[in-house]
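For reference, the structure is listed below as structure tokens.
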Amino acid sequence: MKNTLRHIYAGVAVIWFTVAITVVGEFSSSFKDILKNLTGHHWVTKGILAVALYGLIVSVAPSAKKDKEKQIARGVNILIWNTIIATLFFLIFFMWHFLTE
Amino acid sequence: MNLLIGLHVGLGELGALAFLWVFVELLNPNKERITRAQKAVLIGVYALLAAWFIGGWYYVATYGPIVKPIIKAGPYPWAHGIAMEAKEHIFIFIPILALVVYKLIESAGNRLEKEKKTSRAIATLSLLIVILSFTIAGMGYFISSGARAGYESQSTTQNP
């Protein structure tokens, strides 16, 4: 397989980028306003930035002539665990945020 | 009734089922199963991307200005504060994960027959997409219930 690892790295980066800008936006109304003003809605901006970051990393990440099977399987498992942790983080974060609002 | 919600839910479920199909095909892949997984992943990616756009359109045009204030003023404000907030952000992950699965299957092709570790990892990632999709569909149930309760309490207040 060629250049598939960069897609996995891009997936992990997008997940934590989304978490980061969401948390910062919940604590800083001026940052959330910037996100909102870019497209008219903070969620639309986050979606566009997520796709743009994915495309950017896939384009610029170092390429390998051939990715090894072990690396790909390990990378996919890392992506799976990062997704699970980020999903649980969002659930707990928004529960906490709602209860302390 | 709102057509956009129906399309959003229908396409989301179609995408989830397509990734369930990918999961099943990759459990024990051979050439025929890999060919079917390649078709299923395309259906899944297009369906989830369409569900993303349509859901986003409804969220921005209708949910935010009309439904959200009713839920927040109703008896279950957590339906927005927790369920919708978590759903809308987890939803950003799903099409990206779908694109990664598409790229992995397209790039590996028939080698998945021999590369068992990779095919199992891609199958697991596909299953995660299915679980996340149905989890956020469940959150949609709480949001709809919150909106219905909000409308009912509003009409009770206006017509006691």
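Because the structure is predicted, anything quoted here is derived from the model rather than measured. Letters A, B, ... are given to chains in the order of the sequence lines, protein chains preceding strands, and every chain is numbered from 1. Hydrogens, waters and symmetry mates play no part in the numbers below; they use all other heavy atoms, side chains included.
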Task: Interchain contact, A:Ala86 with chain B, by part (heavy-atom threshold 4.5 Å) - done: both

- [ ] Check step by step if side chain to side chain contact (heavy atoms under 4.5 Å, CB included) holds for B:Leu99 and A:His7.
- [x] CA-CA 8 Å; B:Leu99 284 172; A:His7 287 263; over 6 Å; no

Task: Residues in residues 88-96 of chain A near chain B [non-hydrogen atoms, under 4.5 Å] - done: A:Phe90, A:Leu91, A:Phe94, A:Met95

Open item on the list: Once side-chain contact (heavy atoms from CB on, under 4.5 Å) is applied, do any residues pair with B:Pro75, and if so which ones, sequence neighbours excluded?
Closed with: B:Ala149, B:Ser153

TODO: Verify the cluster assignment for B:Leu11 and B:Leu3: are they in a single hydrophobic cluster under the rule of side-chain heavy atoms below 4.5 Å apart?
DONE: yes

Task: Residue B:Pro77 versus chain A: region with a heavy atom under 4.5 Å - done: both

Open item on the list: Please confirm whether the ring centroid of B:Tyr59 lies under 6.0 Å from the ring centroid of A:His41.
Closed with: yes

- [ ] With rounding to the nearest 0.5 Å, note down the distance linking CG in A:Leu56 to CG in A:Leu49.
- [x] 11.5 Å

- [ ] Could you tell me whether the side chain of B:Leu97 reaches within less than 4.5 Å of the side chain of B:Leu132, counting heavy atoms only?
- [x] yes

Task: Euclidean distance, B:Asn30 CG relative to B:Arg36 CZ, rounded to 0.5 Å - done: 7.0 Å

TODO: For A:Trp43 and B:Glu88, indicate whether the former's side chain and the latter's backbone hold a donor-acceptor pair under 3.5 Å.
DONE: yes

Open item on the list: Looking only at heavy atoms and a cut-off of under 4.5 Å, which of A:Val58, A:Ile8, A:Thr22 has the most pairs with chain B?
Closed with: A:Thr22

- [ ] For B:Ser126 and B:Val130, run side chain to side chain contact (heavy atoms under 4.5 Å, CB included): C-alpha distance rounded to whole Å, both residues' side-chain angles, the deciding distance at 0.1 Å, then the answer.
- [x] CA-CA 6 Å; B:Ser126 301; B:Val130 177; 5.7 Å; no

Task: Option that, when pairs with chain A are counted at under 4.5 Å, heavy atom only, ranks first among B:Lys116, B:Lys117, B:Glu85, B:Lys87 - done: B:Glu85

Open item on the list: Heavy-atom cut-off 4.5 Å, strictly under: side chain, backbone, both or neither for B:Ile92 against chain A?
Closed with: side chain

Task: Part of A:Leu99 within contact of chain B (heavy atom distance under 4.5 Å) - done: neither

TODO: Pick one of side chain, backbone, both or neither for A:Thr18, based on which atoms fall under 4.5 Å of a heavy atom in chain B.
DONE: side chain

